[in-house]
Amino acid sequence: MNFKGTHIVSVRDLCREDIEHILDLADGMIPIARGEKSSSLMKGKIMATLFFEPSTRTRLSFESAMLRLGGRFLGFAEPGGTSVKKGETLADTIRMASAYSDVIVIRHPQEGSARLASKFSDVPVINAGDGAGQHPTQTLLDLMTIRRETGKIDGRKIALVGDLKFGRTVHSLTYALAKFDTDLTFVAPPSLQMPPEVVELAGQMGARTQLANTLEEVVEEADVIYVTRIQKERFPDEASYKKVANVFKIDLDALENAKKNAIVMHPLPRVKEIDPEVDDTKFAAYFKQAFYGVPTRMALLGLVTGVLE
Ligand code: NCD
């Protein structure tokens, strides 16, 4: 597809070839992302980062990507200091950012907000997380991690573990993995299982899916164990969060029967679901995964602004 001017709202808007093209370009960006090679690819371009929800990795890796490519950015990390506080609508905020920049990156608590934003923007809008909806750029870096750290995506058995109900990263990742030849196991207590519509659509797209309640059921089989945080901020009340708060704890015991070459991934931030004792083992891929956010976002920014093809 011709990416120039396209909004990236859901990974479902991309076909497998589009995804592979982004990942190929991202591979080539690694030396620039590491600061080993300089680039002026995005010179003269401005990215607006509009973050209505907290973020560390997503915002900073977008900004790092832009700076390392010689571009610049403006925006806000929380809306309190903007006219949103005065009651300005999302549509008007987007119209303004679109007038001041070449690409908009938005994170917002409401599902569907990025799609709405794209309707009011003359420049490409990239969804950096819309409530419990989608998180397509996280998915691209997740796929880059699977491809680079296990050698390929096709044929992989992937266990998605944790808060599959409210976690937007696993919704997007499921749709993307369904475009490849993968076996997906959704590991969660019943109250946090993957929404039925996501499971159904992934099945229609060709994914082989199954449900499980505990990691023990799948740990021996999995090539990738993708762990997620329980999304506290999306629970209706504290009591219902507390019931499931510490349901998963991935430590060395839990990984005892894992495949030798299995990797553990996590979009981060982690709270208590991965014990730090895992960090120094060969299973831990989550910090590399976070780094891959820079080259994937470089590739995507280049494509949607038309400086890359
Ligand atoms: C995730 C998110 O914001 O959805 N974080 C991220 O972007 N790496 C995951 C989370 O907050 O649990």
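When a ligand or atom number is given, it counts from 1 through the structure's own listing order. Predicted model, so just to flag it, every value in this text is computed and none were measured. Heavy-atom basis, side chains included; hydrogens, waters and symmetry copies ignored.
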Applying a 4.0 Å heavy-atom criterion (strictly less than), which segment of E53 is in contact with ligand 1: side chain, backbone, both, or neither?
-> neither

Numbered atoms of ligand 1 (with element) below 4.0 Å of H135, judged on heavy atoms = 2 (C), 4 (O), 6 (C), 7 (O)

Quick one: which ligand 1 atoms are inside 4.0 Å of a heavy atom on P269?
-> 10 (C), 11 (O)

Any idea which heavy atoms bring K259 and F283 closest together, and the distance?
-> O-CE2, 3.4 Å

Do R59 and T49 have side-chain atoms, one donor and one acceptor, less than 3.5 Å apart?
-> no

From G293, P267, A290 - option closest to atom 8 (N) of ligand 1 by heavy atom = P267

Let me know which of L69, L25, I30 forms a side-chain contact (heavy atoms from CB on, under 4.5 Å) with M298.
-> L69

For the pair K249 and D275, find out whether any cationic side-chain nitrogen is under 4.0 Å from an anionic carboxylate oxygen.
-> yes

Would you kindly say whether D142 and Q138 are connected by a side-chain donor-acceptor distance under 3.5 Å?
-> yes

Counting heavy atoms only, name the option from T58, L268, T228 that's nearest to atom 9 (C) of ligand 1.
-> L268

In terms of the angle between their ring planes, are F235 and Y241 parallel, tilted or perpendicular, with boundaries placed at 30° and 60°?
-> perpendicular

Which residue supplies the protein heavy atom nearest to atom 11 (O) of ligand 1, what is that atom called, and how far is it?
-> R229 NH2, 2.9 Å

Close approach of Q231 to ligand 1, heavy atoms, under 4.0 angstrom | yes

Report, as yes or no, whether the 6.0 Å neighbourhood of atom CD on E200 holds more than 12 heavy atoms from other residues, nucleotides or ligands.
-> no

Any N/O pair E233/ligand 1 closer than 3.5 Å = no

Identity and separation of the nearest protein heavy atom to atom 3 (O) of ligand 1 = R168 NH2, 2.9 Å

